[in-house]
2 protein chains.
Amino acid sequence: MPDKKAKTVKPASDAVEILHRRFFEGKPARLKNLEEARANEEIARKIHELRAAVALAQTQLAKLIGTTASVICRLEDADYEGHSLAMLRRIAGALNQRIEIRFIPIRRSA
Amino acid sequence: MPDKKAKTVKPASDAVEILHRRFFEGKPARLKNLEEARANEEIARKIHELRAAVALAQTQLAKLIGTTASVICRLEDADYEGHSLAMLRRIAGALNQRIEIRFIPIRRSA
DNA sequence: TTGAAATTTCGCAACATTGCGAATAAACTG
DNA sequence: CAGTTTATTCGCAATGTTGCGAAATTTCAA
């Protein structure tokens with residue numbers, strides 16, 4: 001490894017380390033898990049609401065996307081952590097919707 | 001480097017769409033695949049743009065999310081069909097962003 | 001209360017995504 | 001040009017997600 005101590009220049013590696021530090025210091029494991037838990041819960045709720053909105057039973061929605069009720073039930077469980085893009089798309093497709101995915105900047109408040 | 005321009009894509013899009021529409025008219029299954037292909041392409045592009053925006057090499061982003069450059073490369077490949085929520089979240093998290101997922105009604109027919 | 005439909009939980013096989021190194025190609029620097 | 005960094009491709013093991021039946025629980029209407 002080349003040894004650089006440049007004060008004047010800012011190698012890309014520095015930026016990486018900074019980002020890395022922000023990632024792990026500014027976002028403790030607990031916070032991150034919390035956010036993930038919330039996200040999962042939100043997805044579960046959206047699926048449930050979507051299904052409820054069209055008044056389908058889990059069994060019916062299951063048939064629409066080619067699976068079983070127990071799978072739908074699992075998806076609507078707020079504690080389920082295995083949500084996938086593939087499944088969301090299948091549900092959206094069956095209900096004549098599409099999935100939109102956006103990256104949204106998080107403003108780190110103080 | 002294989003064709004990976006991510007600048008302007010407007011010009012040819014019209015003609016391409018017309019051709020595809022004629023070819024796939026009345027064939028939902030294929031249309032659906034087309035939509036999926038587009039969605040995948042869009043995700044790949046978004047990841048690439050996001051990484052480019054913060055001026056990170058694939059290797060650097062890879063380290064941020066705890067993986068290798070070949071994985072990032074795969075994600076940025078427009079033909080990759082294995083995009084997952086989990087990976088998108090990891091990338092978003094590393095870049096101080098969050099993933100927003102929406103179900104959006106499609107108005108069919110016309 | 002009773003029965004039927006709907007939902008929930010569990011376990012495991014099948015399938016899909018990720019990890020990761022190594023080799024190749026391309027882009028960049030001097 | 002050679003040397004360095006970056007990007008791409010491939011294969012396979014490891015991990016994660018889905019499929020699905022069966023049984024337990026809840027909901028609901030009669």
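In the text below, chain A, chain B and the rest are named by the order of the sequence lines, each starting its count at 1.
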Closest nucleotide among dG19(D), dT17(C), dG19(C) to the Arg74(A) side chain: dG19(D)
Take the protein atom [atom1] of [X] and the nucleotide atom [atom2] of [N], then report the distance between them rounded to whole Å.
{"X": "Met87(B)", "N": "dA16(C)", "atom1": "CE", "atom2": "C1'", "result": "13 Å"}
{"X": "His83(B)", "N": "dT17(D)", "atom1": "NE2", "atom2": "C1'", "result": "17 Å"}
{"X": "Leu75(A)", "N": "dT9(C)", "atom1": "CG", "atom2": "P", "result": "13 Å"}
{"X": "Glu81(B)", "N": "dT18(C)", "atom1": "CD", "atom2": "C1'", "result": "16 Å"}
{"X": "Arg89(A)", "N": "dT18(D)", "atom1": "CZ", "atom2": "P", "result": "13 Å"}
{"X": "Leu88(B)", "N": "dT17(C)", "atom1": "CG", "atom2": "P", "result": "12 Å"}

Would you compute the distance between atom [atom1] of [X] and atom [atom2] of [Y] and round it to the nearest 0.5 angstrom?
{"X": "Asn96(A)", "Y": "Ile106(B)", "atom1": "CG", "atom2": "CD1", "answer": "5.5 Å"}
{"X": "Gln97(B)", "Y": "Ile91(B)", "atom1": "CD", "atom2": "CD1", "answer": "11.0 Å"}
{"X": "Ile104(A)", "Y": "Ile99(B)", "atom1": "CD1", "atom2": "CD1", "answer": "8.5 Å"}
{"X": "Leu75(B)", "Y": "Leu61(B)", "atom1": "CG", "atom2": "CG", "answer": "8.5 Å"}

What donor-acceptor contacts under 3.5 angstrom involve side-chain atoms of residues 42-50 of chain A, with partners at least two apart or in another chain?
unit_1: Lys46(A); atom_1: NZ; unit_2: Ile101(B); atom_2: O; d: 2.5
unit_1: His48(A); atom_1: ND1; unit_2: Glu76(A); atom_2: OE1; d: 3.0

Can you run down the ring pair (Phe, Tyr, Trp, His ring centres under 6.0 Å) pairs that involve residues 50-78 of chain B, sequence neighbours left out, and say none if there aren't any? none
Pairs in or reaching into residues 65-95 of chain A: which pass ring pair (Phe, Tyr, Trp, His ring centres under 6.0 Å), with residues at least two apart or in two chains? Tyr80(A)-His83(A)
Ignoring backbone atoms, test whether Arg90(B) places a side-chain nitrogen or oxygen under 4.0 Å from the OP1 or OP2 oxygen of dG19(C). yes
Determine: side-chain N/O of Tyr80(B) to OP1/OP2 of dT18(C), distance under 4.0 Å, yes or no. yes
Strand contacts (DNA chain D) in residues 42-73 of chain A, 4.0 angstrom heavy-atom criterion: Gly66(A), Thr67(A), Thr68(A), Ser70(A), Val71(A)
Shortest non-hydrogen pair, Thr68(B) vs Ala62(B), comes out as C-CB, 3.3 Å
Under the salt bridge (charged side-chain N to carboxylate O under 4.0 Å, His left out) definition, can you give me all pairs with a residue in residues 77-103 of chain A, not counting sequence neighbours? Arg98(A)-Glu100(A), Glu100(A)-Arg102(A), Glu100(A)-Arg102(B), Arg102(A)-Glu100(B)
So which protein N/O to nucleotides 23-30 of chain D N/O distances come out below 3.5 Å?
none

Taking the nucleotide of DNA chain C with the closest heavy atom to each, which residue, Ser84(B) or Asp77(A), is nearer the 5' end? Asp77(A)
